[in-house]
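Below: the structure, in structure tokens.
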Amino acid sequence: MISRRIACKPQNDSYRRLADYIADAKNKGEKTLYSWNDGCWAGENYQLAIQEVLDTQDLNQRTRKEKTYHLIVSFRPEDEALLTPEKCKVMEKEFAKVLGFEDHQRHCGVHKNTNNIHMHIAYNMIHPETLTRHEPYRDYFKRDRLHRELEQKFGLKPDNGRQKDMEAKRNNDRAETYEAHSGQQSFDSYLKERKDFIFKSLDSAQSWQDFHKSLAQIGVEVKARGNGCIIKDKHSSTAVKASRLDRNFTKAKLEGKLGQYQKPLSIAQEVVENDRYVSRPLHKKRGELYAQYREAIDGRKKVYEDLKSEQDERWNCAADFWGNKIKAIKNDRKLTLKDRSKLLAMAAGKKTEIQEGIKVEMAERRSELRKQSPFSRWNDFLKWKAENGDDVALQVLRSKKDPIERNTQQEFAKADPLAPNWKLKQSQIRVDSSLAWKDKRKLISIAKMLQLQAEEKKRYNIGQSIEHRAKNKDGEFKPEKPMLNKLSWRVDSSGNILYTLESGGMVKDNGDKIFFSVSDSKAGIVAEKLAKRVFGPHVVMKDNEIYRKGVRRTKSAGVVRGR
């Protein structure tokens, strides 16, 4: 079990949007196993509880920080069979207690759309009675201790703790998120690439001014901030905590070597720069694509602003026109009280009808605009271009992708599920010397799954499989609908293959084991068939986990789990 808090800037904080995402309201719950709310007077009414939270947050106008705490708790695939709604609710209460949100309102949900089943929790940071904002202090350590306790309590697979991860490397979650969204190198990554140079500069420095002169060569400087130090880009306001780079760069250790902190003098500012931080692209050979991406994003933003201005103008015109009508009716002394009431109700109703019509029309126009450019991130833009036949975009994606994703694209992007000889395809993959074995294994797994799909399709078409037939109302035999119809698959960042069935169930091939969604009975049947094709006829099924018989079960390696 691992957990992560998703940071959000105050201007982007929207509890309703997050709660709707948790319940997957946009897609009618396709990826949500179950969702619930707690701590609300609205009881089990999910949507009414959202409005209750919004009303509570509106009562606190003092804070300028975010009012929502978004937590993701991710489990290992083999834990899925042990997780029940009751256990998830107990775990959520334990997290609430540890973080100090026990008396706060929250909305929760369990998602199944990734290799690792995970739980989303949205906490209202505003206390419903005192209306004060609660910010958990050093919450990551509290959560880490709770992980170990819950793993033992519910028999879950243990994960490495935060301390062990920090010994290996110190990650900056915001920097990693920035790189994933923008495709640009972060300042944190720029510093890590020059970590050896910064270490040598510190070792050779006899004073703060010597250290400042050395750092000026790469366009950065060290500044005191509060009780610590930051490393800042000299040409912008971008900065990171010095201790993020290494523990040896804490203020106490720097002052222990160089003495009390001193600001850089003008002579240090005049040092010739050999390098400086710029947001270099992480992908290679992106050419004019990024310019097209920026043009599309900026153009869409401009159109959104124009639509907003048009909506406000039309809204205000309608409000003024019908406001004057209502005012005139109120001042008309020739009307009887009964007639005046009727006319006021009609005018108010017409005003609301027109304004709501404007909102619906603008929402439809914005929706059409999103369809024309269905992306908001650089990687999404590349995928969209590649899907529409842009070879350059595909090359740019491949310049950063794992080899297995490139090979699977080449082998199966245009694969015919009715191909006559999948065994020959698998044999060709096995003898391909250009592929590493781990890549061959994944390609063979996909080929075997597509072979199952082709065989099932053939049985469905000719209706020869007696055990899959069912009588219809006229007493005739009709083959059962295939389970692998509209099968889709993808390879995640950890190299696991995720197969998604039309019914919404998921089968996950992690290499030495195959997992399946316990919430979908068809997923278990498909997983067993695939396991027998991949591992042989002798397999062992335990809970939602299938592996080769006679092979000792080993502890799975840790993986990075996403939303």
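Fair warning: this is a prediction, and the values are worked out from it, not measured in the lab.
Among pairs with a residue in residues 79-95, those fulfilling salt bridge (charged side-chain N to carboxylate O under 4.0 Å, His left out) read Asp38-Lys93, Glu80-Lys508, Glu92-Arg106, at least two apart in sequence or across chains. Among pairs with a residue in residues 116-125, none fulfils salt bridge (charged side-chain N to carboxylate O under 4.0 Å, His left out), at least two apart in sequence or across chains.
For Ile297, the side-chain contact (heavy atoms from CB on, under 4.5 Å) partners at least two apart in sequence or on another chain are Tyr293, Arg294, Arg300, Phe375. In terms of the ring pair (Phe, Tyr, Trp, His ring centres under 6.0 Å) criterion, Phe535 has no residue partners (sequence neighbours excluded). Contacts of Tyr499 classified as ring pair (Phe, Tyr, Trp, His ring centres under 6.0 Å), with partners at least two apart in sequence or in another chain: none. Every residue two or more places apart in sequence or in another chain that forms a ring pair (Phe, Tyr, Trp, His ring centres under 6.0 Å) with Tyr15 is listed here: His107.
Residues Arg365 and Glu310 are paired through a salt bridge, judged by an N-O separation under 4.0 Å between the basic side chain and the carboxylate. The pair Asp13-Lys9 fails the salt-bridge criterion, with no side-chain N (NZ, NE, NH1 or NH2) lying under 4.0 Å from an Asp/Glu carboxylate O. Under 4.0 Å is where a charged nitrogen must lie from a carboxylate oxygen, and between Asp20 and Lys26 no such pair does. Comment: Lys157 does not engage Glu78 in a salt bridge, judged by the lack of any side-chain N to carboxylate O separation of less than 4.0 angstrom. The existence of a salt bridge linking Glu305 and Lys308 is excluded, since no basic side-chain nitrogen approaches an acidic carboxylate oxygen closer than 4.0 Å.
A side-chain donor-acceptor contact under 3.5 Å links Tyr69 and Asp139.
In Gln51, the CD atom is crowded: over 12 heavy atoms of neighbouring residues, nucleotides or ligands sit closer than 6.0 Å.
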Step-by-step side-chain hydrogen bond (donor to acceptor under 3.5 Å, both in side chains) determination, Ser445 to Asp509: CA-CA 8 Å; Ser445 172; Asp509 185 351; 2.5 Å; yes

